[in-house]
Amino acid sequence: MSQSDWSISPPLPKLEFHWEEGKDPQTPQEVNQFFYSDALQVIKQRIVAIGQRMWQKDYVDGNGGNISVRVGDNLVLCTPTLISKGFMTPDDMCLVDMQGRQKAGKRPSTSEIKTHLGIMSRVPAAKSCVHAHPVHANAFVITGTVPPTGIMPEPDIFFGEVVQAKYATPGTPENAENVGSVSPDHQCIFMENHGVIVWGNHVEDAYWKLENVDSYCRILLLATQLNIPIQQVNAASMNDFIALRKKLGMPDNRDQRSAETLFNLREFAGRALKAHPEA
């Protein structure tokens, strides 16, 4: 064996927040101490950084969008209402319980936290939610459409099949119910006539899905301008995408479908999707 015939296997960074079940702080003093702890300061700084990236990418404008991270059995850190996501500080963050009651923070919490909680209460793996109005994805949202599956590997692997949640007024229990009910099998949800909400096991993971879906929607919108049919992979390749997604620990029940129902769309933007030559 040569001297260079070796390799290393560095671990992936651990960004998911872990807490001890049944040990949430209870009293105002305990909650306040937890809220200002070093562990939560790190999460607050990550939320601030994600907000800046959302604003820089034009995923939000004005005071739009919101971010949350679950930090206990019954506690969630979130962004405040009426604030630009590009100009937040760690001191702006809020702490609420799983009923949406604010427990700590100098500013009132986002009015849309109920939607985040609608997901988290149903999906224990949903440790973070990010909501925004990315322009390319929102073009689909306001036309009542979702992007087709089976076109590129990355969308099907990293955020999966997009689902559409029925419209309800933002911030209402009805919207939380509509979004929460479809969240166990979908990490990327288009809220009719509203925006996009995604979930992941940490805030960076959730944000990646937001970037992924907006980029994919942009590619599709550009492709339609070529006036050439968009090509769709075959069922075997699609099942490969799903298997890779599940290997990464992401939910997906599409492998239980028949070949006829495996793909969500067979036409897009008024054109039939073209079968791959190897299909």
Side-chain angles (χ1 to χ4, degrees), residues 9-25 30-31 33-54 59 65-79 85 88 90 92-98 100 103-105 109-110 112-113 115-132 154-160 179-180 182-189 196-213 242-253:
S9 299
L12 289 170
K14 296 180 179 180
L15 300 177
E16 184 176 347
F17 187 87
H18 294 279
W19 64 86
E20 190 176 352
E21 291 186 14
K23 298 292 185 179
D24 280 3
E30 290 171 344
V31 168
Q33 185 177 11
F34 177 61
F35 183 65
Y36 289 103
S37 67
D38 291 343
L40 256 61
Q41 183 69 10
V42 171
I43 304 301
K44 292 175 186 177
Q45 290 169 345
R46 288 179 186 163
I47 291 174
V48 167
I50 293 298
Q52 291 169 344
R53 288 157 68 179
M54 289 166 62
Y59 294 167
N66 30 76
I67 305 167
S68 65
V69 177
R70 192 169 182 178
V71 293
D73 294 337
N74 193 40
L75 293 172
V76 177
L77 201 61
C78 69
T79 49
K85 301 309 168 295
M88 299 185 296
D92 293 321
M93 297 304 113
C94 309
L95 190 71
V96 301
D97 65 15
M98 289 292 287
K103 297 295 184 177
S109 63
T110 172
E112 295 192 67
I113 190 61
T115 306
H116 298 233
L117 300 177
I119 295 173
M120 291 178 177
S121 63
R122 289 172 171 85
V123 187
K127 301 290 182 62
S128 178
C129 297
V130 177
H131 162 54
E154 288 81 2
D156 280 299
I157 293 169
F158 292 116
F159 61 81
V179 171
V182 298
S183 62
D185 295 317
H186 300 88
Q187 286 190 278
C188 182
I189 300 163
V196 180
I197 189 164
V198 290
W199 65 262
N201 59 20
H202 54 78
V203 69
E204 183 89 13
D205 181 39
Y207 172 74
W208 287 337
K209 289 165 176 50
L210 191 67
E211 276 199 1
N212 292 153
V213 74
I242 295 167
L244 283 168
R245 177 170 168 76
K246 296 185 81 168
K247 187 177 180 180
L248 291 170
M250 301 178 194
D252 206 310
N253 62 7

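In this text the structure is predicted, and so the values were computed from the model without any measurement.
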Query raised in the report: Which residue pairs satisfy the salt bridge (charged side-chain N to carboxylate O under 4.0 Å, His left out) criterion with at least one member in residues 11-22, sequence neighbours excluded?
Result: Glu16-Lys127
Report task. Take the angle between the ring planes of His202 and Trp208 and call it parallel below 30°, perpendicular above 60°, tilted in between. Result -> perpendicular
Query raised in the report: Can any side-chain N or O of Arg122 pair as donor or acceptor with the backbone N or O of Gly118 at less than 3.5 Å?
Result: yes
Query raised in the report: Do Met120 and Ser68 have side chains that get closer than 4.5 Å, going by heavy atoms?
Result: yes
Requested in this report: Drop me the distance from Asn66's CG to Glu112's CD, to the nearest 0.5 angstrom.
Outcome: 4.5 Å
Query raised in the report: Nearest heavy-atom pair of Asp205 and Gly200: which atoms, and what distance?
Result: OD2-CA, 3.2 Å
Query raised in the report: Can you tell me how far the CG atom of Asp97 sits from the CG atom of Leu117, to the nearest 0.5 Å?
Result: 8.0 Å
Report summary line: Smallest heavy-atom separation, Cys188 atom then Val213 atom, equals SG-CG2, 3.8 Å
Query raised in the report: Side-chain contact, heavy-atom cut-off 4.5 Å: Trp19 with Arg70?
Result: yes
Query - Heavy-atom side-chain contact between Ile157 and Leu248 under 4.5 Å - result: yes
**Report entry** Main-chain N/O of Gln187 paired to Lys209 side chain as donor or acceptor, under 3.5 Å
**Finding:** no
Query raised in the report: Heavy-atom distance under 4.5 Å between the side chains of Leu75 and Pro25, does that happen here?
Result: yes
Requested in this report: Compare every heavy atom of Ser128 with every heavy atom of Ala206, then report the nearest pair and how far apart it is.
Outcome: CB-O, 3.9 Å
Report task. Apply salt bridge (charged side-chain N to carboxylate O under 4.0 Å, His left out) to Asp252 and list each qualifying residue two or more places apart in sequence or on a separate chain. Result -> Arg245, Arg254
Report task. Would you mind reporting whether Phe17 and Val203 have side-chain heavy atoms less than 4.5 Å apart? Result -> no
Query raised in the report: Mind checking what makes side-chain contact (heavy atoms from CB on, under 4.5 Å) contact with Val182, not counting sequence neighbours?
Result: Val163, Ala165, Ile189
Query raised in the report: In this structure, are over 12 heavy atoms from other groups packed under 6.0 Å from Glu30 atom CD?
Result: yes
Requested in this report: Not counting sequence neighbours, which residues clear salt bridge (charged side-chain N to carboxylate O under 4.0 Å, His left out) with Glu211? List them please.
Outcome: none
Query raised in the report: Given side chains that start at C-beta, do those of Val71 and Phe34 come closer than 4.5 Å, heavy atoms only?
Result: yes
Report summary line: Of all heavy-atom pairs linking Val96 and Cys78, the shortest is CG1-SG, 4.2 Å
Query raised in the report: Sub-3.5 Å donor-acceptor pair from the side chain of Thr79 to the main-chain atoms of Ile67, do we have one?
Result: yes
**Report entry** Partners passing ring pair (Phe, Tyr, Trp, His ring centres under 6.0 Å) against His116 (at least two apart in sequence or in another chain)
**Finding:** none
**Report entry** Spacing of Gln41 atom CD and Tyr36 atom OH [to the nearest 0.5 Å]
**Finding:** 10.0 Å
Query raised in the report: Where the side chain of Asp92 meets the backbone of Met88, is there a donor-acceptor pair that is under 3.5 Å apart?
Result: no
Query raised in the report: Do the non-hydrogen side-chain atoms of Leu210 and Val196 ever get within less than 4.5 Å of each other?
Result: yes
Report task. Could you tell me whether a side-chain N or O of His131 sits under 3.5 Å from a main-chain N or O of Val198, the two making a donor and an acceptor? Result -> no
Query raised in the report: Within the distance-only criterion (no hydrogens, no angle test), does the side chain of Trp199 pair as donor or acceptor with the backbone N or O of Ile119 below 3.5 angstrom?
Result: no
Query - Partners passing side-chain hydrogen bond (donor to acceptor under 3.5 Å, both in side chains) against Lys44 (at least two apart in sequence or in another chain) - result: none
Requested in this report: Nearest 0.5 Å please: distance from the CG atom of Asp73 over to the CE atom of Met98.
Outcome: 9.5 Å
Query raised in the report: If we ignore angles and hydrogens, is there a donor and acceptor under 3.5 Å between the side chains of Asn74 and Asp24?
Result: no
Query - side chain to side chain contact (heavy atoms under 4.5 Å, CB included) evaluation trace for Ile43 with Arg46 - result: CA-CA 5 Å; Ile43 304 301; Arg46 288 179 186 163; 3.7 Å; yes
Report task. Using a 4.5 Å cut-off on heavy atoms from C-beta on, say whether the side chain of Val130 contacts that of Met54. Result -> yes
